Amino acid sequence: MIPSNPYMRMRLASKLCSHGAWIIALVGFAPIVYIIVTAISNYQSGYQQPLEGFISSLAYLLIVAVVVGFLSLMLFAMGAFLGYIVARDQPLEKDEEIEDDERVEITSLPNA
């Protein structure tokens, strides 16, 4: 069910962006683990020279880490921005309204 209130829709989009950023970060962590495990197994089997395998694995790790970090950071920032917009523009709720006994009325003094 899609919320009908525009503020509720923006708040939902904000939460989805924030949760999506964490999901991208976790899913992006899987290839990093795979590259590390592959590099270790190649080193132990003698498939590559130790320095050559380390440098190529480090290059792959940096590329994947930068892309995943950038995408998750941008999505998280978009969620935070949408949350800020909703919090700033949302009208006051009934609990936060000023009651009648707390209102102040300013009247001018009579001229003497």
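Note that the coordinates shown come from a computational prediction; the quantities given were computed from them, not determined experimentally.
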**Prompt:** In the hydrophobic clustering that connects Ile, Leu, Val, Met, Phe, Trp and Tyr at side-chain heavy-atom distances below 4.5 Å, which members other than Val33 occupy its cluster, ordered by chain and number?
**Reply:** Phe29, Val37
**Value rounded to 0.5 Å, distance of CE in Met78 from OG in Ser14** = 10.5 Å
**Complete:** Between Ala13 and Leu82, the two heavy atoms sitting closest are CB-CD1, 3.9 Å
**Request:** Answer yes or no: is there a donor N or O on one side and an acceptor on the other, between the side chain of Thr38 and the main chain of Tyr34, under 3.5 Å?
**Result:** yes
**Prompt:** Other hydrophobic cluster members with Phe76, side-chain heavy atoms of Ile/Leu/Val/Met/Phe/Trp/Tyr under 4.5 Å, chained?
**Reply:** Trp22
**Item:** Heavy-atom pair with the smallest gap, counting every atom of Tyr60 and Ile35
**Value:** CB-CD1, 3.8 Å
**Request:** Over all heavy atoms of both residues, which pair between Ala21 and Ser72 is shortest? Give the atoms and the distance, please.
**Result:** CB-O, 3.3 Å
**Asked** Going only through I, L, V, M, F, W and Y residues with side-chain contacts under 4.5 Å, is there a path from Val64 to Ile36?
**Response** yes
**Fill in**
Separation between CD1 (Ile24) and CG (Leu73), nearest 0.5 Å, reads 11.5 Å
**Asked** In this structure, are over 12 heavy atoms from other groups packed under 6.0 Å from Met10 atom CE?
**Response** yes
**Request:** May I ask you to list the residues sharing a hydrophobic cluster with Ile23, side-chain cutoff 4.5 Å, ordered by chain and number?
**Result:** Val27
**Asked** Rounded to the nearest 0.5 Å, how far does CD1 of Ile32 lie from CD1 of Ile63?
**Response** 11.5 Å
